[in-house]
Q: 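Pasting a structure here, questions to come.
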There are 2 protein chains.
Amino acid sequence: MNPDGPLVLIVEDEAPVRLFIRASLAAHGFRPIEATTEPEALAMTDRHRPTLILLDLDLPAAQGVELVRTLRGSTKAPILVISARGQEDDKVAALDAGADDYVTKPFGVNELLARMRVALRYATTIDEPRKATAALSFGGLRIDLEQREVTSGGRAIRLTPTEYRLLVLLAQNAGRVLTHRQIQEGVWGAGHADQPHRVRVYMAVLRKKLEDDPAWPRHIVTEQGIGYRFREASSA
Amino acid sequence: MNPDGPLVLIVEDEAPVRLFIRASLAAHGFRPIEATTEPEALAMTDRHRPTLILLDLDLPAAQGVELVRTLRGSTKAPILVISARGQEDDKVAALDAGADDYVTKPFGVNELLARMRVALRYATTIDEPRKATAALSFGGLRIDLEQREVTSGGRAIRLTPTEYRLLVLLAQNAGRVLTHRQIQEGVWGAGHADQPHRVRVYMAVLRKKLEDDPAWPRHIVTEQGIGYRFREASSA
DNA sequence: GCCAATCTTGACGGCATCTTGATACGCGGC
DNA sequence: GCCGCGTATCAAGATGCCGTCAAGATTGGC
């Protein structure tokens, strides 16, 4: 096992799945540690400070979502939630509670590893360059937080206050999934999280202004039934 | 913690928000100190002379605006006000009372840091070169306070007395938001702060005379519902 | 008192923003 | 294939603030 690999806590009560994940991670340079219950997960987190946490929502007593909340209070490590099909509500609740991303069972090893890498990349880029980030850059897109200016490929983009706020929220959580609720609370404040329609309208506007081809967005990605995700432009 | 970082006083009564801000500032090289009540804020300000003050308007007893006024009387440090959505009136009142800028909750860390940097930059540039504040320069724009002459890109600009007073007011508060009230009191004196219309007329004139493209001003920026802000021309 | 420069005021148009409704699309389930 | 859910997009409306033009009032110099 790679002694320098990222420490990953697996919270999973079903032994076969746990073993499968452990083997997969170990084979790819991670150092897996394990927990099967809520208190165990908390103890492991406090003691070993894992770099990333994999959490199956199918925990006994359905305490998964609460566990996410508790963990989020004690660590900044990215939390990836594993949920079964048809568990959409739990998944959204877990994200609302602070999870960073999700994987749906059944999943392939490569999918899981890819998600983990993305989560780790963004976690470290947020944490490491403690130097003041006056601007956010994603490929040709640049957001100047001081001047409150957005440029795409050099040309300036005019955004209304709400549009700007939404974009900044997305960009600052690049790589993460943001639920409808999180987006609305972030843009309109708490207590205004019941009109997902508005969000869609603004997403459409942002895409039209930012994306080269709004019908095939490269930055603003829809997560069906969950919310949206901002990512760096992929190689088209 | 960086022992040389700017000392920032956080005035915030809600513990979670306060901790969040403190952690964010400490992680970016600032030295945060804290207060949760009005008298505490005043005491901390007198004793530690912070370089910048972050003040949540949601203080108990709604004393936020009054506190701004009092603080302004005892320190020249920039005051950044934190207000919630829908608190537009309080926000404007706080700016009138002497606050330098505002951030709207909920806000991102980077957004907050960006505002702080802007405030600190202008505060020091105003404070340090006490020598010969005979002229102000912003990119191609130059205001000679002794000769009472304004040039843009070398060519002289003819301004009427009122136009000149307005421009100087804006330029001397570059980076800050100036409310309609402040502008009117600054240009026409106290007791003439109820005709925002005049201000718009003069802003239009100034833009026509100073800006390359008055329809897209680079110096004189409108702050909807608040007032105006003068800034250096960005790199377009 | 006259003139020119300046300032004020009114009116209008415009723009921007935000919201809401209507409609079409896309995808998966049945 | 049909249906239903969630989504994308367009359109229209309400509101309030802003920018601009131009006429009228004022001021100050002579």
Side-chain angles (χ1 to χ4, degrees), chain A residues 84-89 91-92 104 148 150 157-167 170 177-181 183-184 186-189 191-211 213-229, chain B residues 85-86 88-89 91-92 104 148 157-167 177-181 183-184 186-189 191-211 213-229:
Chain A
R85 264 182 207 289
Q87 255 188 333
E88 306 298 317
D89 291 351
K91 188 193 302 176
V92 173
T104 306
R148 200 194 163 286
V150 178
I157 309 258
R158 270 181 83 84
L159 295 182
T160 74
T162 305
E163 289 159 14
Y164 178 78
R165 215 173 161 65
L166 175 57
L167 175 61
L170 288 171
V177 190
L178 290 176
T179 66
H180 286 291
R181 167 170 298 276
I183 291 170
Q184 292 180 75
V187 175
W188 286 274
H192 297 81
D194 48 357
Q195 286 140 288
H197 185 42
R198 289 187 304 191
V199 180
R200 297 199 185 100
V201 174
Y202 276 97
M203 289 295 178
V205 174
L206 270 188
R207 279 174 175 157
K208 191 149 73 175
K209 289 188 177 181
L210 300 179
E211 305 272 8
D213 180 3
W216 197 342
R218 308 202 307 163
H219 284 116
I220 300 174
V221 184
T222 304
E223 295 278 337
Q224 288 253 0
I226 313 275
Y228 295 84
R229 183 199 301 266
Chain B
R85 288 225 141 199
E88 307 297 317
D89 292 351
K91 186 195 302 178
V92 174
T104 306
R148 200 196 163 285
I157 307 264
R158 228 183 110 76
L159 295 181
T160 73
T162 305
E163 289 160 15
Y164 180 76
R165 253 181 296 150
L166 175 56
L167 175 60
V177 190
L178 290 177
T179 66
H180 287 291
R181 167 172 297 276
I183 292 171
Q184 293 179 76
V187 175
W188 287 274
H192 298 79
D194 48 357
Q195 287 138 291
H197 185 44
R198 288 188 304 193
V199 179
R200 294 195 190 104
V201 174
Y202 276 97
M203 289 295 176
V205 175
L206 271 188
R207 278 174 176 157
K208 192 148 72 176
K209 290 187 177 181
L210 300 180
E211 305 272 8
D213 179 4
W216 197 334
R218 307 204 306 164
H219 285 115
I220 300 175
V221 183
T222 304
E223 294 274 336
Q224 286 242 10
I226 313 272
Y228 294 85
R229 184 200 300 266

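Naming convention: chains lettered A, B, ... in sequence-line order (proteins, then strands); numbering from 1 in each chain.
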Q: Of B/Leu159 and A/Glu163, whose closest DNA chain C nucleotide lies nearer the 5' terminus?
A: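 Mapping each residue to its closest nucleotide by heavy atoms, the 5'-most match is B/Leu159.
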Q: May I have the distance from A/Lys209 (atom NZ) to C/dT17 (atom C1'), rounded to whole angstrom?
A: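 Spelled out: NZ on A/Lys209 to C1' on C/dT17 is 10 Å.
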Q: Ignoring backbone atoms, establish whether B/Arg158 has a side-chain N or O less than 4.0 Å from OP1 or OP2 of C/dT6.
A: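 It does, given that an N or O in the side chain of B/Arg158 lies less than 4.0 Å from OP1 or OP2 of C/dT6.
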Q: Looking at D/dG19, D/dT7, C/dT6, which one has an atom nearest to any side-chain atom of B/Arg200?
A: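 Nearest to the side-chain atoms of B/Arg200, counting from C-beta on, is D/dG19.
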Q: What is the distance, rounded to the nearest whole Å, between atom CD of B/Glu88 and atom P of D/dG16?
A: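 Interatomic distance, CD of B/Glu88 to P of D/dG16: 14 Å.
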Q: Can you tell me how far C1' of D/dT15 sits from CD of B/Gln224, to the nearest Å?
A: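 Answer to the nearest Å: 12 Å.
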Q: Nearest-Å distance, CD (B/Gln184) to P (C/dT8)?
A: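 One finds 11 Å between P of C/dT8 and CD of B/Gln184, rounded.
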Q: Can you see if the side chain of B/Trp188 gets near the phosphate of C/dC7 - specifically, an N or O under 4.0 Å from OP1 or OP2?
A: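 False: B/Trp188 side-chain N/O out of range (4.0 Å or more) of C/dC7 OP1/OP2.
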Q: Can you see if the side chain of B/Thr222 gets near the phosphate of D/dC18 - specifically, an N or O under 4.0 Å from OP1 or OP2?
A: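 Checking B/Thr222 against D/dC18: no side-chain N or O falls below 4.0 Å of OP1 or OP2.
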Q: For C/dT9, does either OP1 or OP2 sit under 4.0 Å from a side-chain N or O belonging to B/Gln195?
A: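 Yes, such a contact exists.
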Q: It should be established whether A/Thr160 places a side-chain nitrogen or oxygen under 4.0 Å from OP1 or OP2 of nucleotide C/dC18.
A: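 Affirmative; the distance criterion is met.
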Q: Expressed in angstrom and rounded to an integer, what is the separation of A/Lys91 atom NZ from D/dG6 atom P?
A: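 The distance from NZ of A/Lys91 to P of D/dG6 comes to 13 Å, rounded to the nearest Å.
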Q: Taking CZ from B/Arg165 and C1' from C/dC7, how many angstroms apart are they, rounded to a whole number?
A: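 Taking CZ of B/Arg165 and C1' of C/dC7, I get 10 Å after rounding.
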Q: Output yes when a side-chain donor or acceptor of B/Arg165 lies under 3.5 Å from a complementary backbone atom of B/Val187, and no otherwise.
A: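 Side chain of B/Arg165 to backbone of B/Val187: a pair is present.
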Q: Taking only side-chain nitrogens and oxygens of A/Arg198, does any of them come within less than 4.0 Å of OP1 or OP2 of C/dT20?
A: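 Answer no for this pair, as no side-chain N or O of A/Arg198 is under 4.0 Å from OP1 or OP2.
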Q: Distance only, no hydrogens: is a donor on one side chain within 3.5 Å (strictly under) of an acceptor on the other, for A/Thr222 and A/Arg207?
A: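 Short answer, yes.
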Q: Compare side-chain N and O positions of A/Arg207 against OP1 and OP2 of D/dA8 and report whether any pair is under 4.0 Å apart.
A: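 Result: yes.
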Q: Is any side-chain nitrogen or oxygen of B/Trp216 closer than 4.0 Å to OP1 or OP2 of C/dC15?
A: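 Checking B/Trp216 against C/dC15: no side-chain N or O falls below 4.0 Å of OP1 or OP2.
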Q: Looking at A/Lys208, I'd like to know whether one of its side-chain N or O atoms comes within less than 4.0 Å of OP1 or OP2 on D/dC10.
A: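 Answer is yes, contact under 4.0 Å.
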Q: A/Tyr228 pairs by side chain to side chain contact (heavy atoms under 4.5 Å, CB included) with which of A/Ile183, A/Leu206, A/Val177?
A: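 The side chain to side chain contact (heavy atoms under 4.5 Å, CB included) with A/Tyr228 is passed solely by A/Ile183 among A/Ile183, A/Leu206, A/Val177.
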Q: Indicate the atoms forming the closest heavy-atom contact of A/Leu166 with A/Met203, along with that distance.
A: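 Answer, listing the atom of A/Leu166 first, then A/Met203: CD1-CE, 3.8 Å.
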Q: Could you tell me whether the side chain of B/Glu211 and the main chain of B/Arg218 form a donor-acceptor pair under 3.5 Å?
A: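 At least one qualifying donor-acceptor pair exists.
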Q: Please work out if A/His180 contacts a base, only the sugar-phosphate, or nothing of the nucleic acid, heavy-atom cut-off 4.0 Å.
A: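 Answer is sugar-phosphate: A/His180 comes under 4.0 Å of backbone atoms only.
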Q: How close or far is atom P of D/dC21 from atom CE of B/Met203, stated in whole angstroms?
A: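 Spelled out: CE on B/Met203 to P on D/dC21 is 17 Å.
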Q: So does A/His197 reach the base of D/dA8 with its side chain, donor to acceptor, closer than 3.5 Å?
A: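 By the distance-only test, no, there is no pair.
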Q: Determine the minimum heavy-atom distance between A/Gln184 and A/Gln195, stating which atoms define it.
A: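 For A/Gln184 and A/Gln195, the tightest heavy-atom pair comes out as OE1-N, 2.9 Å.
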Q: If only side-chain N and O atoms of A/Thr162 are considered, is one of them under 4.0 Å from the OP1 or OP2 phosphate oxygen of C/dC18?
A: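 Yes, within the criterion.
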Q: OP1 or OP2 of D/dG6 less than 4.0 angstrom from a side-chain nitrogen or oxygen of A/Tyr228, does that happen here?
A: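 No, no such contact exists.
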Q: To the nearest Å, give me how far apart CD (B/Glu211) and P (D/dT20) are.
A: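 Nearest whole value for this atom pair: 11 Å.
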Q: Does B/Pro161 reach a base, just sugar-phosphate, or nothing at all? Heavy atoms under 4.0 Å.
A: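 Contact class for B/Pro161: sugar-phosphate only.
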